[in-house]
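Some notes on the structure that comes next.
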Protein chains: 2
Amino acid sequence: MDDIDSAIIRHLQRDARLTNRELARLVGVAPSTCLERVRSLRARGVITGYHAAVDPRALGRPLQALIFARLRPLSREVITGFQHYLSQQPEVLSVLVVSGDEDFVIQVAVPTIERLHAFLMDQVSARREVVNFRSSVIYQQTVTQVLAPVDEGRRGDA
Amino acid sequence: MDDIDSAIIRHLQRDARLTNRELARLVGVAPSTCLERVRSLRARGVITGYHAAVDPRALGRPLQALIFARLRPLSREVITGFQHYLSQQPEVLSVLVVSGDEDFVIQVAVPTIERLHAFLMDQVSARREVVNFRSSVIYQQTVTQVLAPVDEGRRGDA
DNA sequence: ATTGAAATAACTCTCAC
DNA sequence: GTGAGAGTTATTTCAAT
């Protein structure tokens, strides 16, 4: 992971359809070198895939929300089962298992507030392992497009 | 947005580097038709971009957390300012402005628990507009790779 | 709106340096 | 890490349906 690898990652996060030629030009190496670098990044698991991003609004899901849920008993089986169940629901964008006041944080995208309520009642509240939950409407969302390697400037490994 | 568009979106979300030929074969239309469809989806803003996904662990950020923050005064200026500030921090993956008990939900990726603590103290707690906050370590995360158009089966628009 | 084919253009990959 | 060449593949256009 040197500066060239970092630059490659940075560019491909912004535009995964860059050709090898173009990418090589952007990072300042020969196409053959660039190809080898990208291959290595894939092989090492630094780059995990290339994905088209779609606008939920264009897909009829203009409303997003977070759902915070507490589960009991909090066993591995219950967690795995609930995760698997959620991943099958079309409304669900992401599922986080977290420490703290809640056990699950679920991000959903739905067409209407009625559909959100229906999801909460029929898909969440109906589950026996969910002892309680709350939800928050998402007003705004900004996602960092480009994730950089840790800069060693800010030390935290004292 | 017919079945062909849906299929195109589905495949490109899984692999944005599919060639037009391959994509056409997968969805069962001629390459020329497929090209036209993809162009239209881009032009209409259904597909917003193509991005390489990178593993935060490979970039030296194995630890992720959510930070829940309450801000005061909750004015447009304060919200915008805090959003902008956060988007400049390399630790930040996404920023959500939400309703409910908290105003901001921030997802971060850091190298160590020490760095998380440092971020909370130096970057969050230090801000005057943050009246209080809490954090949750993320144990597991599953993100839905493919977002489908709303299926009209589950009605919510009564 | 979709198709099929043909022409053009561009890329990927390998190898020797 | 580089550069060039050979081979391959894709993109694009156009006439027809």
Side-chain angles (χ1 to χ4, degrees), chain A residues 1-62 111 145-153, chain B residues 1-55 57-60 145-153:
Chain A
M1 282 299 306
D2 58 7
D3 289 346
I4 294 175
D5 282 343
S6 296
I8 288 173
I9 287 169
R10 179 158 38 87
H11 286 294
L12 286 180
Q13 283 183 92
R14 282 198 315 182
D15 182 3
R17 302 207 87 170
L18 283 170
T19 62
N20 186 57
R21 258 170 198 270
E22 183 74 5
L23 182 58
R25 193 184 62 76
L26 287 169
V27 305
V29 296
S32 50
T33 304
C34 188
L35 190 65
E36 172 61 25
R37 293 284 193 141
V38 173
R39 266 191 195 151
S40 173
L41 288 167
R42 281 275 271 176
R44 283 184 283 154
V46 179
I47 295 175
T48 59
Y50 303 97
H51 308 286
V54 301
D55 184 350
R57 289 169 298 187
L59 266 46
R61 305 167 175 272
Q145 291 288 1
V146 175
L147 180 63
V150 278
D151 76 72
E152 297 297 329
Chain B
M1 282 298 308
D2 57 7
D3 289 346
I4 295 174
D5 282 342
S6 295
I8 288 173
I9 287 169
R10 179 158 37 85
H11 286 295
L12 286 181
Q13 284 182 92
R14 281 199 316 180
D15 183 3
R17 301 207 87 169
L18 281 171
T19 64
N20 186 59
R21 260 170 197 267
E22 183 74 6
L23 182 58
R25 193 185 61 76
L26 287 169
V27 304
V29 297
S32 48
T33 305
C34 188
L35 191 66
E36 172 62 24
R37 293 284 194 138
V38 173
R39 264 191 196 152
S40 173
L41 288 168
R42 281 276 270 176
R44 283 183 283 153
V46 179
I47 295 175
T48 59
Y50 303 96
H51 308 287
V54 301
D55 184 349
R57 289 169 299 187
L59 265 47
Q145 291 289 0
V146 176
L147 181 62
V150 278
D151 75 70
E152 297 297 329

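All chains are named by letter (A, B, ...) in the order of the sequence lines, taking the proteins before the strands, and each is independently numbered beginning at 1. Quantities reported herein were computed from a predicted structural model and do not represent experimental measurements.
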Between [atom2] on [N] and [atom1] on [X], what's the gap in Å once rounded to a whole number?
| X | N | atom1 | atom2 | result |
| --- | --- | --- | --- | --- |
| B:Arg21 | D:dT12 | CZ | P | 13 Å |
| A:Leu18 | C:dC11 | CG | C1' | 14 Å |
| A:Leu23 | D:dG1 | CG | C1' | 15 Å |
| B:Ile8 | C:dT2 | CD1 | P | 9 Å |
| A:Asp3 | D:dG1 | CG | P | 12 Å |
| B:Leu35 | C:dA1 | CG | C1' | 14 Å |
| A:Glu36 | C:dT12 | CD | P | 14 Å |
| B:Arg17 | D:dT9 | CZ | C1' | 14 Å |

Closest to the [X] side chain, choosing from [options]:
| X | options | value |
| --- | --- | --- |
| B:Thr19 | D:dT2, D:dA10, C:dC13 | D:dA10 |
| A:Asn20 | D:dT2, D:dT12, C:dT12 | C:dT12 |
| A:Ala30 | C:dT2, D:dT11, D:dT2 | D:dT2 |
| B:Arg37 | D:dT11, D:dG3, C:dT2 | C:dT2 |
| A:Arg39 | C:dA1, D:dG3, C:dC13 | C:dC13 |

Identify, between B:Glu22 and B:Ser32, the residue whose nearest nucleotide on DNA chain D lies closer to the 5' end.
B:Glu22
Heavy-atom side-chain contact between [X] and [Y] under 4.5 Å:
| X | Y | value |
| --- | --- | --- |
| A:Leu41 | A:Arg44 | yes |
| A:Ile9 | A:Met1 | yes |
| A:Arg37 | A:Leu23 | no |

Atom pair OG (B:Ser6) and CG (A:Leu59), whose distance is rounded to the nearest 0.5 Å
7.0 Å
Neighbour count above 12 (heavy atom, 6.0 Å) for A:Asp2 CG
yes
Just call it for B:Thr33: base, sugar-phosphate, or nothing, with non-hydrogen atoms closer than 4.0 Å on any strand.
base
